[in-house]
Trainee: 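Have a look at this one before I ask anything.
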2 protein chains.
Amino acid sequence: MIAYIFATERLPVKKVIMRRDVFQGIADPTRRAILCMIAMQAMTPNALAEHFDCSRQAISKHIKILTECQLVKQEYSGREIYYHCNIKKVKEVDKWLEPFREMWEHKFDRLDTVLKNLKNKKP
Amino acid sequence: MIAYIFATERLPVKKVIMRRDVFQGIADPTRRAILCMIAMQAMTPNALAEHFDCSRQAISKHIKILTECQLVKQEYSGREIYYHCNIKKVKEVDKWLEPFREMWEHKFDRLDTVLKNLKNKKP
DNA sequence: ATTTTGCGCAACCAAATGATTGCGTATATA
DNA sequence: TATATACGCAATCATTTGGTTGCGCAAAAT
C-alpha cells in the first residue's frame, strides 16, 4: 500500500483551456494600447515597456498572449525582437461586427425613409 | 502591543477593480453569441439558456456582465425580463477599429497604385 | 389560496489572468 | 575575454472569471 503511494506521483494534469482568440487578445486595455503602438511602428518589448507603468516582463506576457492569438508577429534582429501588428487578424473583429454594422446602418436607412415620407406628406 | 493586535481587525479591504468595458463584454464566446441572438430579437434568460449548454444562472451572469458594460438593455414584462442588444455600444468596438481599418484600406490603396503603375508601364 | 414558474442574488469552487521576482541564455560592448 | 544588455521562461501570488447549487421573491397558473 505504501508502495502504491510512492508509485503514484502527483502528475501535473492541469488541463489548460485558455481561450486564445482575437477577442481575448483585445480584452485587456494594455494589450489594446500595445497593438495600437506597434501598428504604427514595430517595437521591442523594452521600448514598449517604457510607455507603460509596469515591468518589461508584464509587457512580455501581454505580447505572448497577443502572439498566441496571432495579433502580433515577431522579427528577430540580433538580440532584439521587433513586434509587428498583424492587421489581418484585427480584421476578424471587423468581420464579427458585420451583422451589427448592417443593423445600425439599416436603422439609419429606416430613419431616412421616415424623414422622406414626412417630407413628402408635408405639402 | 497585544492590545494593538486586537485593535487592528482584519478589514475586508478587497478592492474590486473589475473592468467592465465593451471589450471585456465581448471577450467571452458565449456572451458574443448571446449578443448576436438578442440583436435579432429580444429574449428572456430562460429562452436564451435553452440554446446553450449551461445553466440559466450562468447565462444570467453573462447577461449581468453585458448589462454592466451597457451592451444590453432590459425591458420588464410581468415576471419576465426581455434583454435587448444596445447596438450603440457595439459601435464602440467599431470606433476602436477605425485607425486599423484605415491601415488595411491604405494597404489596398497602395496595392492599387502599384497595379496601376504596372498597367501603365506595360505598353 | 396554493402551486408553479421566472428570475436575481449569495456562496462556493476550479481555473485563468495580470503582475512580480529571479534565473538562464544569447548578443553586443568594453 | 569579461561585462552589460535584451529577452524569454518558470515560480509565485492576489484577483477575476465562469461555472455550479441553493435560496427567496414576485408574478402566473391551478
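Naming: A, B, ... by sequence-line order, numbering from 1 per chain. The structure presented is a predicted model; accordingly, all values stated were derived computationally and were not measured.
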Trainee: Looking at C:dT17, I'd like to know if its phosphate oxygens (OP1 or OP2) sit under 4.0 Å from a side-chain N or O belonging to A:Q24.
Mentor: yes

Trainee: For A:L66 and A:I38: C-alpha separation, side-chain torsions, deciding distance, then whether side chain to side chain contact (heavy atoms under 4.5 Å, CB included) applies.
Mentor: CA-CA 12 Å; A:L66 288 170; A:I38 63 173; 5.6 Å; no

Trainee: Test salt bridge (Lys or Arg N to Asp or Glu O under 4.0 Å) on B:E92 and B:K89 and set out the steps.
Mentor: CA-CA 5 Å; B:E92 277 189 18; B:K89 207 71 181 174; 3.0 Å; yes

Trainee: Please report the distance, rounded to the nearest Å, between CD1 in A:I65 and P in D:dT17.
Mentor: 14 Å

Trainee: Rounded to the nearest angstrom, tell me the gap between atom NZ in A:K64 and atom P in C:dT20.
Mentor: 17 Å

Trainee: Using atom CD1 of A:I59 as one end and atom C1' of D:dG8 as the other, report the distance to the nearest whole Å.
Mentor: 15 Å

Trainee: Who pairs with A:Q57 by side-chain contact (heavy atoms from CB on, under 4.5 Å), at least two apart in sequence or on another chain?
Mentor: A:S55

Trainee: Who are the salt bridge (charged side-chain N to carboxylate O under 4.0 Å, His left out) partners of B:R79, not counting sequence neighbours?
Mentor: none

Trainee: Taking the side chain as every heavy atom from C-beta outward, state whether B:V22 and B:V90 have any pair of such atoms under 4.5 Å apart.
Mentor: no

Trainee: Starting at atom CZ of B:F52, determine the distance to atom P of D:dG18, rounded to an integer number of angstrom.
Mentor: 14 Å

Trainee: My understanding is that only residues two or more places apart in sequence, or in another chain, count here; which of them pass side-chain contact (heavy atoms from CB on, under 4.5 Å) with A:P29?
Mentor: A:R32, B:R19

Trainee: Rounded to whole angstroms, how far apart are CD1 on A:I63 and C1' on D:dC9?
Mentor: 15 Å

Trainee: Here's a test of your reading of the structure: between B:Y82 and A:R31, which maps to the more 5' nucleotide of DNA chain C?
Mentor: B:Y82

Trainee: Taking CZ from A:F23 and P from C:dT17, how many angstroms apart are they, rounded to a whole number?
Mentor: 16 Å

Trainee: Rounding to a whole Å, what distance do you find between B:R32:CZ and D:dG18:C1'?
Mentor: 14 Å

Trainee: Whole angstroms only, please: what is the CZ-P distance between B:R20 and D:dT16?
Mentor: 9 Å

Trainee: At under 4.0 Å, does any side-chain N or O of A:R19 touch on OP1 or OP2 of C:dT17?
Mentor: no

Trainee: With sequence neighbours left out, write down each residue that passes salt bridge (charged side-chain N to carboxylate O under 4.0 Å, His left out) with B:E80, or none if nothing qualifies.
Mentor: none

Trainee: Which of residues 39-46 of chain A have a heavy atom under 4.0 Å from DNA chain D?
Mentor: A:T44, A:P45, A:N46

Trainee: Tell me, for nucleotides 19-30 of chain D in 5' to 3' order, what letter each nucleotide earns: B for a base near a protein heavy atom under 4.0 Å, S for only sugar-phosphate near one, - for neither?
Mentor: BBBB----BS--

Trainee: Around atom CD of A:Q41, are there more than 12 heavy atoms of other residues, nucleotides or ligands at under 6.0 Å?
Mentor: no

Trainee: Would you say the side-chain atoms of B:R31 pair up with the backbone N or O of B:G25, donor to acceptor, closer than 3.5 Å?
Mentor: yes

